[in-house]
2 protein chains.
Amino acid sequence: MGTTKSEVFSEEINELASLFKAMGHPARIAIIQFLRTQEKCICTDLVNELPLAQPTISQHLKELKNAGIIQGSVSGTSICYCLNLEKISVLDSFLASLKYDQSATCC
Amino acid sequence: MGTTKSEVFSEEINELASLFKAMGHPARIAIIQFLRTQEKCICTDLVNELPLAQPTISQHLKELKNAGIIQGSVSGTSICYCLNLEKISVLDSFLASLKYDQSATCC
DNA sequence: TTATAATATCGTAATATTGCAATATAACAA
DNA sequence: TTGTTATATTGCAATATTACGATATTATAA
């Protein structure tokens, strides 16, 4: 126990869950919000922006990257991290599909 | 350590993160998907539908309820759980706001 | 009352996550 | 080369999550 039983669920469900999970942390939401407002984003900006240590931020960036929510391209000594709108759309479509089904609310 | 440093983030960010977190598990996505297709939903249906033990499903339902993503009303011996579209909208709006900001993609 | 059925709670083992100091790496500058 | 700056990785302690058996609760039925 302690491990999520992902084997028993469809790939689609697992993908959605891991995307949501990647966004399920305040630091990662803050990172995403900051990325939205920046033309380019390098990690140092985040270290100055967020009240977390550099290794912690690096770790959160890695998780967002693993989930595919952000992309990073090396740019000299720094790195440009950006949102991957395709993945955002996957979540957005899922949520939208819930909203447009009226029978979903019965309580 | 081991605890999320929520104190250092805004309430808005923490609320978004906890909603995303609540959806960040395949069983909970499956529950939400199942709720979407049902007129009414009682827990037994889920126990038959999902390959998880009853206490596990009950626990996941509780987490979704705590986050406000579903609502439950007692109906005799069983319980009718339903989606709370308001919370879904909170997430949906956040994601939509990311999509409509073109400067977000620079990589 | 006694049974039964539906759901919740408790307790706990296994595992995952979080945060960070220390350290490593990689690119550029002097 | 030697520094310096930006980011990543390692290791680890503290805490959280997951899954489920056992058990409790609650509502109705017999």
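Excluded from the calculations below are hydrogen atoms, water molecules and symmetry mates; all remaining heavy atoms, backbone and side chain alike, are included. Sequence lines set the chain letters: A, B, ... in the order given, protein chains first and strands last, and positions in each chain run from 1. Keep in mind the model is a prediction, meaning the values are calculated, not measured.
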Handout entry: Backbone of A/Leu64 reached by a side-chain donor or acceptor of A/Arg28 within 3.5 Å
Key = no
Practice task
Please state how far atom CD in A/Gln59 lies from atom P in C/dA24, giving the value in whole angstrom units.
Solution key: 19 Å
Problem - Contact under 4.0 Å: B/Arg28 side-chain N or O vs D/dT17 OP1/OP2 - result: no
Practice task
Please work out which of the three classes, parallel, tilted or perpendicular, describes the rings of B/His25 and B/His60, given edges at 30° and 60°.
Solution key: tilted
Exercise for the section: With heavy atoms under 4.0 Å as the rule, sort B/Ile57 into base, sugar-phosphate or nothing. Expected result: nothing
Practice task
Would you mind reporting whether A/Leu46 and A/Ile57 have side-chain heavy atoms less than 4.5 Å apart?
Solution key: yes
Practice task
Give a yes or no answer on whether the side chain of A/Asn84 reaches the backbone of A/Ile69 with a donor-acceptor pair at less than 3.5 Å.
Solution key: no
Problem - Short side-chain N/O contact from A/His60 to OP1 or OP2 of C/dT17, under 4.0 Å - result: no
Fill in the blank from the handout: To the nearest angstrom, the CG-P distance between A/Leu46 and D/dA6 comes to 13 Å
Problem - Any donor-acceptor N/O pair, B/Asn14 side chain to B/Phe9 backbone, under 3.5 Å - result: yes
Practice task
Answer yes or no: is there a side-chain heavy-atom contact under 4.5 Å between B/Thr4 and A/Pro26?
Solution key: yes
Between the protein and nucleotides 13-16 of chain D, which nitrogen or oxygen pairs are less than 3.5 angstrom apart?
residue, atom, partner, partner atom, Å
D/dA14, O4', B/Met1, N, 3.3
D/dA14, O4', B/Met1, O, 3.2
D/dA14, N9, B/Met1, O, 3.4
D/dA14, N3, B/Met1, O, 2.7
D/dA14, N3, B/Gly2, N, 3.3
D/dT15, O4', B/Met1, O, 3.0
D/dT15, O3', B/Thr3, OG1, 3.3

Handout entry: Cationic N near anionic O, under 4.0 Å, A/Lys87 to A/Glu15
Key = yes
Handout entry: Non-hydrogen side-chain atoms of A/Tyr81 and A/Gln38 separated by less than 4.5 Å
Key = no
Problem - Atom-pair distance (CD on A/Glu63; P on D/dT9), nearest Å - result: 13 Å
Exercise for the section: Compare side-chain N and O positions of B/Lys5 against OP1 and OP2 of C/dT18 and report whether any pair is under 4.0 Å apart. Expected result: no
Exercise for the section: To the nearest Å, give me how far apart NZ (A/Lys62) and C1' (C/dT25) are. Expected result: 14 Å
Practice task
Would you check if the side chain of A/Ser89 reaches a backbone N or O of A/Leu85 as a donor-acceptor pair within less than 3.5 Å?
Solution key: yes
Set out, line by line, the N/O atom pairs under 3.5 Å between protein and nucleotides 6-8 of chain C.
residue, atom, partner, partner atom, Å
C/dT7, OP1, B/Cys43, N, 3.1
C/dT7, OP1, B/Ile79, N, 3.1
C/dT7, OP2, B/Thr44, N, 2.5
C/dT7, OP2, B/Thr44, OG1, 2.2
C/dA8, OP1, B/Tyr81, OH, 2.7
C/dA8, OP2, B/Ser58, OG, 2.9
C/dA8, N7, B/Gln54, NE2, 2.7
C/dA8, N6, B/Gln54, OE1, 3.0

Handout entry: Nearest-angstrom distance from the residue atom CG of A/Asn66 to C1' of C/dA16
Key = 15 Å
